[in-house]
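Structure, as structure tokens:
We use all heavy atoms of the structure for the numbers below, so side chains are in, but hydrogens, waters and symmetry mates are not. Remember, it's 1-based here, ligands and their atoms both numbered in the order they're listed. Everything quoted here is computed from the prediction, not taken from an experiment.
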Amino acid sequence: MEAFVIEGGHQLSGTIKPQGAKNEALQVICATLLTSDPVTIKNIPDILDVNNLIKLIQEIGVKVTRINKNDYVFQADEVNLDYLDSDAFVNKCSSLRGSVLMIGPLLGRFGRSTIAKPGGDKIGRRRLDTHFLGFKALGAKFRHDATRDVYHIETANKLKGCYMLLDEASVTGTANIIMAAVMAEGTTTVYNAACEPYIQQLCHLLNAMGANISGIASNLLTIVGVKSLHKAKHTVLPDMIEVGSFIGMAAMVGNGVRIKDVAVRHLGIIPDTFRRLGIKIKIEGNDLLIPRQPHYQIDSFIDGTIMTLSDAPWPGLTPDLLSVLLVVATQACGCVLFHQKMFESRLFFVDKLIDMRAQIILCDPHRAVVIGHDRQFRLRAGRMTSPDIRAGIALLIAALSAEGTSRIENIAQIDRGYEDIEARLNALGAHIKRVDD
Ligand SMILES: CC(=O)N[C@H]1[C@@H](OP(=O)(O)OP(=O)(O)OC[C@H]2O[C@@H](n3ccc(=O)[nH]c3=O)[C@H](O)[C@@H]2O)O[C@H](CO)[C@@H](O)[C@@H]1O
Ligand SMILES: C=C(OP(=O)(O)O)C(=O)O
């Protein structure tokens, strides 16, 4: 197991470019299972989660050609469905949340799939009800295999389009239902659909492959089933969570950082949320410029009450940035309540920040109050373990600003979602070393 050793207190300056979006890449790679034609996908991030998914779909028979570091061609013309019955498949799924995204396309194209418990961050309950309910509404049947603890899902006839109102706007659930429905008989209408840029991009790729999806970017999608899909080309958007992580990092330890080619119009409410913490962000074309911020003052609500930042389905604030926002608030002037509504174990990492001298009250598993001390004292270096991907990057930001040398263990969590992170941050002036535990 590797760890990061971080010498804190070095200011970061210069230009950094975000990688392609992890959560979009996982969806569009799985969408290539829907056709036997080659599909080209550009700007795929070179990160653990995505590389593991690519290996997994290779094992099921998809031909994968890497044209460049971040560009690939996928061709699913000889899919081996027997692989779904192997123990290797179940084991690999358990280390990767994105594996769940193979179910929809396999069911949509071949009429059968297997659901093994997917991995991903241990950040609370991560139920799959929306996926199951959606597949059932399309006519699929489930069978539980107790010995292997997997569900077999199949349909004797073609899936049939229908109206469905999702129980919640699940991101991977919506993606799976869309991929199952694109070649179903008739029309599927999905209300309360998730509409993150990841989903929008998936729909654009599917339409480029010949699907007929309308309502993209809204929570009401209409999918008119087509007979088959064909080849297409697609480019993954910059990773908005990485962009947000860099905004937070630049605010806390930056001395002028340009975040390049961020696709500003797809960032939604993210820049304004950092602005509510008092952070100055300048937009120049498609770049964000984060100047040095000697002080930043947290807003209050218009009626003068203490501000709350909480997550919500898109276009609300993504839960994946709350940990970074929380760390940034520790150096601000003022108070803010963080309310993590979606996940129940994502705030426990604040204990580590408290050890580093941050002033935080963890009210309950979902809520924490941060009392920003306006940079009156530095955080103290610490030894910590990264519990999940976003807590990991938040702790890395804290360590960069702290006095002394910190150590973060279990950095595979960070590698899951951030490409070559130490090299890219060291190029801005950070002092991060990767060491073996
Ligand atoms: C691989 C991938 O794409 N992972 C993302 C995806 O996970 P994933 O698709 O697994 O997450 P879901 O959107 O299904 O739901 C996340 C959690 O939020 C809860 N929930 C969801 C919708 C809602 O309206 N109300 C509600 O409370 C769910 O019960 C669940 O506990 O979306 C999450 C929510 O943006 C992100 O944190 C993950 O990074
Ligand atoms: C929670 C996340 O990832 P996953 O869904 O893959 O666990 C995330 O990207 O913040």
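Applying the 6.0 Å contact sphere to NZ of Lys63 captures more than 12 heavy atoms from other residues, nucleotides or ligands. The 12-atom threshold is not exceeded at OH of Tyr191, counting heavy atoms of other residues, nucleotides or ligands nearer than 6.0 Å. Within a 6.0 Å radius of CD1 in Ile306, other residues, nucleotides and ligands contribute 12 heavy atoms or fewer. Heavy-atom contacts from other residues, nucleotides or ligands closer than 6.0 Å to NZ of Lys231 number 12 or fewer.
The Asn23 neighbourhood of ligand 1 comprises atoms 1 (C), 2 (C), 3 (O), 4 (N), 5 (C), 38 (C), 39 (O), with distances under 4.0 Å to a heavy atom of that residue. Using a 4.0 Å cut-off to heavy atoms of Pro313, the atoms of ligand 1 that qualify are 23 (C), 24 (O). Close approach of ligand 2 to Asp49 is summarised as follows: ligand atoms under 4.0 Å from at least one heavy atom of the residue are 6 (O). Every atom of ligand 1 with a heavy atom of Pro319 under 4.0 Å away is listed here by number and element: 34 (C), 35 (O), 37 (O). Listed by atom number, the atoms of ligand 2 under 4.0 Å from Arg390 heavy atoms are 8 (C), 9 (O), 10 (O). Every atom of ligand 2 is numbered from 1 in the order shown, and the set under 4.0 Å from a heavy atom of Asp320 is 8 (C), 9 (O), 10 (O). Taking a cut-off of under 4.0 Å to the non-hydrogen atoms of Lys22, the atoms of ligand 2 that pass are 2 (C), 3 (O), 4 (P), 6 (O), 8 (C), 9 (O). Less than 4.0 angstrom separates some heavy atom of Ile389 from each of these atoms of ligand 2: 8 (C), 10 (O).
Looking only at atom types and distance, the side chain of His230 has no donor-acceptor partner in the side chain of Asp37 under 3.5 Å away. Using modelled atom types, one finds a donor on one side chain and an acceptor on the other under 3.5 Å when comparing Asp46 with Asn51.
Residue contacts with ligand 1, taken as heavy atom pairs separated by less than 4.0 Å, involve Arg97 solely via side-chain atoms from C-beta onward. In Phe343, the part holding a heavy atom less than 4.0 Å from any atom of ligand 1 is the side chain. Neither the backbone nor the side chain of Ile241 has any atom closer than 4.0 Å to an atom of ligand 2 (non-hydrogen atoms only). Residue Asp320 touches ligand 1 through its side chain alone, judged by heavy-atom distances below 4.0 Å. Contacts between Ser170 and ligand 1 below 4.0 angstrom, taking non-hydrogen atoms only, involve backbone and side chain alike.
The closest approach between any non-hydrogen atom of Arg346 and ligand 2 is below 4.0 Å. Ligand 1 lies out of reach of Gly98, whose nearest heavy atom is not under 4.0 Å from it. Contact annotation: Gly173 has no heavy atom less than 4.0 Å from any atom of ligand 1.
A salt bridge is absent between Lys341 and Asp311: the closest approach of a Lys/Arg side-chain nitrogen to an acidic carboxylate oxygen does not fall below 4.0 angstrom. A salt bridge is absent between Asp388 and Arg416: the closest approach of a Lys/Arg side-chain nitrogen to an acidic carboxylate oxygen does not fall below 4.0 angstrom.
Relative orientation of the Phe74 and Tyr72 rings is parallel, given thresholds of 30° and 60° on the angle between their planes.
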Practice task
Just do the salt bridge (Lys or Arg N to Asp or Glu O under 4.0 Å) check on Glu24 and Lys22 with the steps written out, would you?
Solution key: CA-CA 6 Å; Glu24 177 188 334; Lys22 160 175 125 359; over 6 Å; no

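Here the shortest heavy-atom distance to atom 28 (C) of ligand 1, taken over Glu168, Lys22, Gln27, Glu344, belongs to Glu168.
Annotation: cation-pi pair Arg346/Phe343 present, NZ/CZ under 6.0 Å from the ring centroid and within 45° of its normal.
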